[in-house]
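Accompanying notes for the structure given below.
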Amino acid sequence: MDRLTAVVIVGARGRMGKTLLRSVMESESMTLVGAVDRTGGPGLDQDAGRLCGMPDCGVMVTDTMDPPRGAVVVDFSLPRATENNIRRCLEIRAPLVLGTTGIDASTRALLKEAAQELPIVSAANFSVGVTLVTRLASLAAKALGREWEAELFELHHRHKRDAPSGTAIRIAKAVAAANGRSFDEVAVMSREKADRPRTNEEIGVMSLRGGGSIGEHTLMFFGEGERIELTHRAMDRSIFAQGALRAARWLGGRAPGLYDMVDVLGLDKI
Ligand code: NAD
């Protein structure tokens, strides 16, 4: 059997953290070596197995990242924690899978800097399906050209803090870049008080929040007399965990660099 990938889950007590813990414990190719959550939060010093509704596994939830050498850190916590987590990974030389969304420009700059020394996979959405839809969006935009109007909407559960979703931005960026536009120049996040018709250049990105939806993204291309829709619906949080853990296994022994799921899946070759 191949060597087991040792994994530390950061944000262990969260919705994603618990899903990741369960997936690692159920996996035959990975072993859990750490579970981290914020200082002072509930659930510290509890067995990570019990925390996620599995049998005790002997790994306690702590507030410090102190894994054995070679372990991969999988961080799905909150943006305000990301900077410290990246710095800690640099200190302990740990490869990082970063799933936290909504991180600011300075943290993103630190991430790029850290990737000169560590292999890092960062993705706004670790779902294999969304990664493929993003690639298809780029191919479609290229084939259809600027004459086709592109609009995108996303729907997420009521707890989501950032809007539009990182995934929506990623898809819209792929559409913009496919025919030479800059997302920052053409993205329209609200049409309130716009008082003008749509321009051909713009890409509308609209957010809905409510209920328990794990995440839906629909990209529409409008031509004269026809419309194309590309939709992805996440039915279960475990799709992100499965993708992130696939990335963690892929990272083992990789050269330093900032990778995304397109690299993990080898989609850049199609
Ligand atoms: P959540 O609020 O349920 O969990 C966040 C957890 O992080 C909490 O347990 C919190 O205590 C913990 N935390 C806060 N500060 C911390 C610190 N300094 N160190 C360690 N842990 C800390 O949120 P969630 O729904 O699990 O989502 C977590 C993040 O993952 C969000 O940014 C979300 O947008 C993102 N997410 C990404 C993907 C993806 O595919 N990239 C998919 C789903 C969610």
Side-chain angles (χ1 to χ4, degrees), residues 7-23 34-46 48 51-52 60-67 73-89 91-92 94 96-104 107-108 111 120-134 154-171 207 209 211-217 232-248 258-265:
V7 176
V8 181
I9 304 299
V10 180
R13 217 172 44 80
R15 284 176 289 260
M16 276 304 297
K18 286 188 220 156
T19 309
L20 284 156
L21 287 174
R22 274 193 296 275
S23 300
V36 180
D37 210 286
R38 75 181 163 84
T39 311
L44 290 183
D45 298 326
Q46 189 184 353
L51 177 74
C52 70
M60 299 295 157
V61 182
T62 62
D63 61 359
T64 43
M65 228 191 276
D66 225 351
V73 170
V74 178
D75 180 2
F76 280 69
S77 55
L78 294 179
R80 61 174 180 269
T82 308
E83 190 179 323
N84 275 347
N85 293 343
I86 296 170
R87 292 196 195 286
R88 183 67 185 142
C89 286
E91 269 167 25
I92 59 178
L96 170 66
V97 173
L98 181 65
T100 309
T101 61
I103 62 174
D104 60 22
T107 309
R108 190 141 290 284
L111 189 69
I120 298 175
V121 181
S122 165
N125 192 313
F126 274 95
S127 135
V128 169
V130 161
T131 309
L132 182 61
V133 163
T134 309
E154 52 103 345
L155 166 64
H156 281 85
H157 55 85
R158 63 174 74 88
H159 302 292
K160 187 164 178 64
R161 288 162 182 259
D162 50 316
S165 71
T167 302
I169 294 173
R170 181 75 200 262
I171 296 172
S207 303
R209 292 289 174 269
S213 168
I214 291 170
E216 296 189 21
H217 294 84
H232 180 271
R233 290 194 185 94
M235 312 290 191
D236 191 307
R237 214 170 286 285
S238 67
I239 61 169
F240 309 119
Q242 293 307 335
L245 296 173
R246 182 164 169 173
L258 189 53
Y259 304 101
D260 64 20
M261 276 304 276
V262 171
D263 301 307
V264 174
L265 302 180

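What you see is a predicted model, and the numbers here were worked out from it, not measured in a lab. Indexing begins at 1, ligand by ligand and atom by atom, following the structure's order.
At a 4.0 Å heavy-atom cut-off, the residues surrounding ligand 1 are V10, G11, R13, G14, R15, M16, D37, R38, F76, S77, L78, A81, G99, T100, T101, A123, A124, N125, F126, K160, F240, listed by chain and number.
With hydrogens and angles disregarded, a donor-acceptor distance shorter than 3.5 Å links the side chain of S127 to the backbone of V130.
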Just list the side-chain donor-acceptor pairs under 3.5 Å for residues 12-19, sequence neighbours left out, or say none.
| residue | atom | partner | partner atom | Å |
| --- | --- | --- | --- | --- |
| R13 | NE | P42 | O | 2.9 |
| T19 | OG1 | R15 | O | 2.9 |

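Salt bridge absent: E83 and R108 never bring a charged side-chain N and a carboxylate O closer than 4.0 Å. Using a 4.0 Å cut-off between charged nitrogen and carboxylate oxygen, R88 and D66 count as a salt-bridge pair. Classification of E91 and R87 as a salt-bridged pair fails, no side-chain N sitting under 4.0 Å from a carboxylate O.
Aromatic ring pairs are classed by plane angle as parallel below 30°, tilted from 30° to 60° and perpendicular above 60°; the pair H217 and H156 is perpendicular.
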